[in-house]
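Here is how names work: the chains are called A, B, and so on, in the same order as the sequence lines, proteins then strands, and each is numbered from 1. Computed from a predicted structure; not experimentally measured.
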2 protein chains.
Amino acid sequence: MASLGELERSVMTLLWDSAQPLSANEVCELLDEDLAVTTVLTVLARLEKKGMVQRERASRPHRYASVASREEHTVEMLNEVLGTVPDREAVLARFIGSVSDSEAAALRRILG
Amino acid sequence: MASLGELERSVMTLLWDSAQPLSANEVCELLDEDLAVTTVLTVLARLEKKGMVQRERASRPHRYASVASREEHTVEMLNEVLGTVPDREAVLARFIGSVSDSEAAALRRILG
DNA sequence: AGCAACTTTCTACACGCCGTAGAAGTGTGG
DNA sequence: CCACACTTCTACGGCGTGTAGAAAGTTGCT
């Protein structure tokens, strides 16, 4: 269970794209919506509880960073989806049948 | 958006595994929990609204069948997950790096 | 030390989804 | 036409999420 709401995802996207951990205020400014900083703090706390961000409590203001990279997290999601079926390979076969030629080529390359 | 709750998933599983369309009563009996038929009907109606089941309104009782196979649906889910990220291939690369040897072999076979 | 400004925590509310099902409505075989 | 089976309508409670004010905590300055 690591699915994200819309705002949660926006926040994660910022953290994923940032080289540095960010403060709640920085996140708040980078999000271009007009949100109270407490809203952002709530979301960050929830993401922390979900294990998706870690917070440096030492520094003031606290700084937040993603625990896993976007790719790692997305792979987890893929595996979660694949975990709902009895036959992963059947699904993967069909998935591969549905991707573009160039992506199929990329997959072949990756698989060596 | 075609994510499923727990009961919804149980119902879909029955429909996916059934060769024939099923009535609400049949679903209710096959689910081994002790649910009211109206509960099952509600869930089936919601699944219909989500576009996941189709209902034969002609026959009485109505019979319900899945619209897409389990594999088709799951592939849709995979694509939904992959749609949340700007670089599908980066995720797929990492995914492939995470699968077992035998599954990697299967993927190679599928890719031809 | 004491205040001002900033930051964090606590609490809360609304909304939508889901599990759950009773009450009321509708159709059908005898 | 009536009992029975089936369906629709309505509803409620819980949970996740977006949203944020009020209150509490911290820090730096004078």
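- Between His62(B) and dT7(D), a side-chain N or O to OP1/OP2 separation shorter than 4.0 Å is present.
- One can place CG of Leu41(A) at 16 Å from C1' of dA12(C), the figure rounded to the nearest angstrom.
- Taking atom CD of Glu56(A) as the reference point, atom C1' of dT8(C) lies 16 Å away to the nearest angstrom.
- Applying the 4.0 Å criterion to OP1 and OP2 of dA5(D), one finds that Asn25(B) has every side-chain N and O outside that range.
- Atom P of nucleotide dC9(D) and atom CD of Glu48(B) are separated by 12 Å, given to the nearest angstrom.
- Between Glu26(A) atom CD and dT8(C) atom P there is a gap of 11 Å when expressed in whole angstrom units.
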(request) Indicate for each nucleotide in nucleotides 15-30 of chain D, in 5' to 3' sequence, whether protein heavy atoms under 4.0 Å reach the base (B), only the sugar-phosphate (S), or nothing (-). (result) --BBBBBB---SS---

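- Atom CD of Glu33(A) has more than 12 heavy atoms from other residues, nucleotides or ligands within 6.0 Å.
- Exactly one of Glu26(A), Gln20(A), Glu56(A) qualifies for a side-chain hydrogen bond (donor to acceptor under 3.5 Å, both in side chains) with Arg63(A). That residue is Glu26(A).
- To the nearest 0.5 Å, atoms CZ (Arg94(A)) and OG1 (Thr74(B)) are separated by 9.5 Å.
- Proximity of a side-chain donor or acceptor of Ser98(A) to a complementary backbone N or O of Phe95(A) within less than 3.5 Å is detected.
- Between Arg57(A) and dT7(C) there is no side-chain N or O to OP1 or OP2 distance below 4.0 Å.
- Rounded to whole Å, the distance from CG on Leu22(A) to P on dT8(C) is 13 Å.
- Note: Arg55(A) CZ to Leu47(A) CG = 10.5 Å, rounded to the nearest 0.5 Å.
- Salt-bridge check for Arg46(A) with Glu8(A): failed, with every basic side-chain N at 4.0 Å or more from each acidic carboxylate O.
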